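Predicted model only: the values in this text are computed from it and were never measured.
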Amino acid sequence: MADVEVLVVGAGPVGLTAACALRRRGIGCRIVDRLPARQPYAKAVGIQPRTLEIWDRMGVVREVLAAAVPLRGQLLYVNGAQQARIELTLPPEVPYRFAALPQNDTERILEDVLVRGGGRVERGTELVGFEQDADEVRAELALPSGARERISAGYLLGCDGAHSIVRKALGFGFEGAALPEEYMLGDVEVDWELPPGYAVRSMHRRDGHTDDLLVCIPLPGRNRYRMSMLVPPELSRAQLPGDEGVLHGLEGGGPAPGLEHLQAVLDRLAPQPATASRLRWSSVFRIGHRLVDHYGAHRVFLAGDAAHIHPPTGAQGMNTGIQDACNLAWKVAMAVRSTASAQLLRSYDAERRPVGEEVVQRTVRHAAEGVQADPDDPSTVIRREAQLLVNYRGSPIVAPDRPPHQGPAPGDRAPDCGGLRFDLTAFPSRLFDLLRGQEHTVLLYADHPEQLVPYGELVASARSAAHGQLDAWVIVAPHTATDGLLLPVVRDALDEFRQRYGAAGGAGFVVRPDGYLGLRSSQVSGPELVSYLAATFRT
């Protein structure tokens with residue numbers, strides 16, 4: 001028996017999300033972080049709608065909504081003239097909007113949730129090294145007292161950032177480079193009268209080249225922003241060596257930017273005269289773009305910056321890492337329970353590494369040319385930035401898409417819809433209300449009573465194949481009689497489910513624990529469900 005089922009290394013947003021998701025599934029885990037205390041920095045500040053959907057399923061979203069502020073769009077200026085006003089508009093069926101919250105507040109909220117679930121962050125505790133075999137991972141930890149502790153774990157998750165010791169110990173490649181520019185960050189308030197909730201990007205261009213830059217992201221508070229700008233020569237850290245060539249993140253070893261440095265850039269680039277005040281923190285930072293060549297090996301896996309780093313354009317980094325953690329946690333939980341198929345853990349790399357590769361390429365391109373230079377139509381660009389277009393089509397644990405149909409394909413995000421009605425409630429519900437469980441969910445659609453007859457036996461066989469780890473809902477057309485059906489039923493009162501999913505009577509869908517569609521069938525049967533589940537569950 002291992003000392004702990006899962007060891008999580010790194011207590012940033014990615015590691016905390018993984019630990020919260022594991023503990024919510026009843027998996028014992030320890031989460032360690034080498035730093036003695038949470039850093040008080042607004043490093044990553046943008047929260048994507050897809051991340052809020054993930055946190056909704058985890059029971060975290062209420063606290064985030066109470067603390068965050070809306071991010072409504074971006075104002076773009078070039079050489080002092082406004083060039084564009086980009087609105088972050090999403091379709092009405094998407095339940096959450098773009099938000100901004102300092103990373104230290106995100107970490108505080110997630111840690112509070114972890115503590116309420118019986119966990120805690122072991123701070124000042126550093127992973128020194130590890131080895132693994134077919135049965136366990138044996139890790140050595142350096143404790144705050146200076147002592148060493150050797151523990152065994154069923155699995156190890158490396159969420160320990162760009163300079164990950166887990167990645168280095170695995171010997172994985174981390175190919176890429178660093179952008180030549182250095183930047184400085186500052187958390188300040190300004191007295192301008194620009195509309196609240198809008199990011200500001202102001203550039204000075206000469207001969208087609210940007211030689212000066214100011215980016216301001218709104219934060220909670222009155223006229224408070226996390227600003228980034230090019231570093232003046234007197235604060236440059238270019239001569240400082242990187243960690244094995246990985247230049248990315250906040251840099252120490254020199255004086256921090258002062259209010260006067262930020263004000264000088266505002267004087268040059270602010271869209272209107274503005275004075276900065278109340279500097280909370282500042283730092284110099286570098287931007288790298290790299291991707292690991294494997295996301296895991298055997299019992300050890302990487303997530304977040306340990307696996308991919310890239311420019312912060314579009315606030316993709318932290319959010320991509322959180323999706324890594326969400327994808328990985330339910331699979332590791334099944335492996336701990338011994339209910340996972342042989343290929344389930346391997347699907348983590350197959351599903352998430354292509355996503356990381358696309359994000360790295362896109363953010364590098366956007367950093368050079370701007371999001372507004374993306375050739376796709378604006379609505380597609382916004383939904384991609386919101387991370388609503390991530391899909392796992394072609395994954396080894398996703399069913400093939402046949403025949404062509406209206407609605408989401410297997411591997412796509414399962415969309416929300418409203419207007420669902422229970423016979424026992426006087427208010428409408430949303431599909432996402434049904435999907436807050438921790439297991440796979442089967443959705444069966446019917447528009448005629450005869451279609452309900454096989455559903456009881458069908459669900460029983462599917463639950464057996466899933467070792468009991470499967471929820472089921474029957475969604476029926478508004479006036480379909482359901483007398484005698486011993487399955488939970490909800491009515492598609494506004495016809496939104498049928499339209500959004502392209503459902504017809506007898507259709508079946510399987511939604512995975514991470515909110516992605518694993519199977520859709522126009523006329524679902526028990527053998528089809530069991531066959532699909534065999535790709536995920538041990539037979």
Task: Any residue meeting side chain to side chain contact (heavy atoms under 4.5 Å, CB included) with Pro40, in chain and number order, not counting sequence neighbours - done: none

Open item on the list: Once side chain to side chain donor-acceptor pair (under 3.5 Å) is applied, do any residues pair with Asp433, and if so which ones, sequence neighbours excluded?
Closed with: Arg436

Open item on the list: Strictly distance-based, threshold 3.5 Å: is any side-chain N or O of Gln523 a donor or acceptor partner for the main-chain N or O of Gly505?
Closed with: yes

Open item on the list: So does Phe174 get a backbone contact from the side chain of Arg290, meaning a donor-acceptor N/O pair under 3.5 Å?
Closed with: yes

TODO: Hey, could you give me each pair passing ring pair (Phe, Tyr, Trp, His ring centres under 6.0 Å) that has a residue in residues 392-414? Not counting sequence neighbours.
DONE: Tyr392-Tyr516

- [ ] Please list, chain by chain and in numerical order, all residues satisfying side chain to side chain contact (heavy atoms under 4.5 Å, CB included) with Pro196, sequence neighbours excluded.
- [x] none

Open item on the list: Whether the Arg85 and Tyr198 side chains hold a donor-acceptor pair (N or O, under 3.5 Å, no angle test) is what I'd like checked.
Closed with: yes

Open item on the list: Using every non-hydrogen atom in the two residues, find where Tyr455 and Ala446 come nearest and quote the distance to one decimal.
Closed with: CE1-CB, 4.2 Å

Can I get a per-line list of side-chain donor-acceptor pairs under 3.5 Å for residues 296-304, giving both atom names and the distance, sequence neighbours left out?
unit_1	atom_1	unit_2	atom_2	d
Arg299	NE	Ala134	O	3.1
Arg299	NH1	Gly154	O	2.8
Arg299	NH2	Ala134	O	3.1

Open item on the list: Under a 3.5 Å distance rule, please check whether Ser464 uses its side chain to pair with a backbone N or O of Ala460 as donor and acceptor.
Closed with: no

Task: Donor-acceptor contact present, side-chain Thr482 to main-chain Leu485, <3.5 Å - done: no

- [ ] Measure the OG1-CZ distance between Thr536 and Arg538 for me, rounded to the nearest 0.5 Å.
- [x] 13.5 Å

Open item on the list: The test is side chain to side chain contact (heavy atoms under 4.5 Å, CB included); show your working for Glu63 and Asp112 and say whether it passes.
Closed with: CA-CA 10 Å; Glu63 291 87 346; Asp112 287 347; over 6 Å; no

TODO: Can you see which heavy atom on Tyr532 is nearest to which on Ile397, and at what distance?
DONE: CE1-O, 3.5 Å

TODO: Look only at the side chain of Ser152 and the backbone of Asp3, and say whether a donor-acceptor pair between them is shorter than 3.5 Å.
DONE: yes

Open item on the list: To check you understand the geometry: which heavy-atom pair defines the closest contact between Leu458 and Ser461, and what is its length?
Closed with: O-OG, 2.8 Å

Open item on the list: Going by side chain to side chain donor-acceptor pair (under 3.5 Å), Gln387 matches just one of Glu53, Gln316, Arg413. Which one?
Closed with: Gln316

TODO: Take Leu7 and Val32, measure what side chain to side chain contact (heavy atoms under 4.5 Å, CB included) needs, and give me the verdict at the end.
DONE: CA-CA 8 Å; Leu7 174 62; Val32 301; 4.2 Å; yes

Task: Selection residues 313-329 - residue pairs positive for salt bridge (charged side-chain N to carboxylate O under 4.0 Å, His left out), sequence neighbours left out - done: Asp324-Arg352

Task: By side chain to side chain donor-acceptor pair (under 3.5 Å) - contacts of Tyr295 (at least two apart) - done: none

Task: Under 3.5 Å donor-acceptor, Asn319 side chain and Gly46 backbone - done: yes

Open item on the list: Give me the atom names and distance for the closest heavy-atom approach of Val489 to Phe422.
Closed with: O-CD2, 3.6 Å

Task: Minimum heavy-atom distance Ala18-Ala329, with the two atoms named - done: O-CB, 4.3 Å

Task: Closest non-hydrogen atom pair, Pro220 against Leu101 - done: CG-CD1, 4.3 Å

Task: side chain to side chain contact (heavy atoms under 4.5 Å, CB included) partners of Asp377, counting only residues at least two apart - done: Ser379, Thr380

Task: Leu389 side, atom CG; Ile382 side, atom CD1 - distance, nearest 0.5 Å - done: 11.0 Å

Open item on the list: Suppose we screen for side chain to side chain donor-acceptor pair (under 3.5 Å). Which residues come up paired with Arg353, at least two apart in sequence or across chains?
Closed with: none

Open item on the list: Considering only residues two or more places apart or on different chains, which pairs with a residue in residues 463-483 satisfy salt bridge (charged side-chain N to carboxylate O under 4.0 Å, His left out)?
Closed with: none

TODO: Please round to the nearest 0.5 Å and tell me the distance separating atom CZ of Arg108 and atom CG of Asp105.
DONE: 4.5 Å

- [ ] Verify, without hydrogens or angle tests, whether His467 (side chain) and Gln469 (backbone) share a donor-acceptor contact under 3.5 angstrom.
- [x] no

Task: Positive for salt bridge (Lys or Arg N to Asp or Glu O under 4.0 Å) with Glu111, one of Arg123, Arg120, Arg116 - done: Arg123

Open item on the list: Using a 3.5 Å distance criterion without hydrogens, assess whether the side chain of Ser347 forms a donor-acceptor pair with backbone atoms of Leu344.
Closed with: yes

Task: Sole residue of Arg50, Gln48, Arg362 in side chain to side chain donor-acceptor pair (under 3.5 Å) with Glu385 - done: Arg362

Open item on the list: Checking the side chain of Arg57 only, and the main-chain atoms of Gln438 only, is there a donor and an acceptor separated by less than 3.5 Å?
Closed with: no

Quick one: side chains of residues 90-99, donor-acceptor pairs under 3.5 Å with protein atoms, not counting sequence neighbours, listed by atom name and distance.
unit_1	atom_1	unit_2	atom_2	d
Tyr96	OH	Asp56	OD2	2.6
Arg97	NH1	Val94	O	2.6

Open item on the list: Treating Arg520 as the side-chain partner and Pro410 as the backbone partner, does any N or O pair qualify as donor plus acceptor under 3.5 Å?
Closed with: no

TODO: Kindly indicate whether a cation-pi arrangement holds for Arg498 with Tyr445, taking the cut-offs as under 6.0 Å to the six-membered ring centre and within 45° of the axis.
DONE: no

- [ ] Let me see the working for Glu358 and Arg384 under side chain to side chain contact (heavy atoms under 4.5 Å, CB included), right down to the final yes or no.
- [x] CA-CA 11 Å; Glu358 188 277 332; Arg384 185 185 296 119; 4.0 Å; yes

- [ ] Only counting residues at least two apart or in another chain, list the ones meeting side chain to side chain contact (heavy atoms under 4.5 Å, CB included) with Ala333.
- [x] Leu22, Arg25, Ile27

Task: Intermediate values then yes/no, side chain to side chain contact (heavy atoms under 4.5 Å, CB included), Asn327 and Glu351 - done: CA-CA 9 Å; Asn327 185 291; Glu351 292 183 346; 2.9 Å; yes

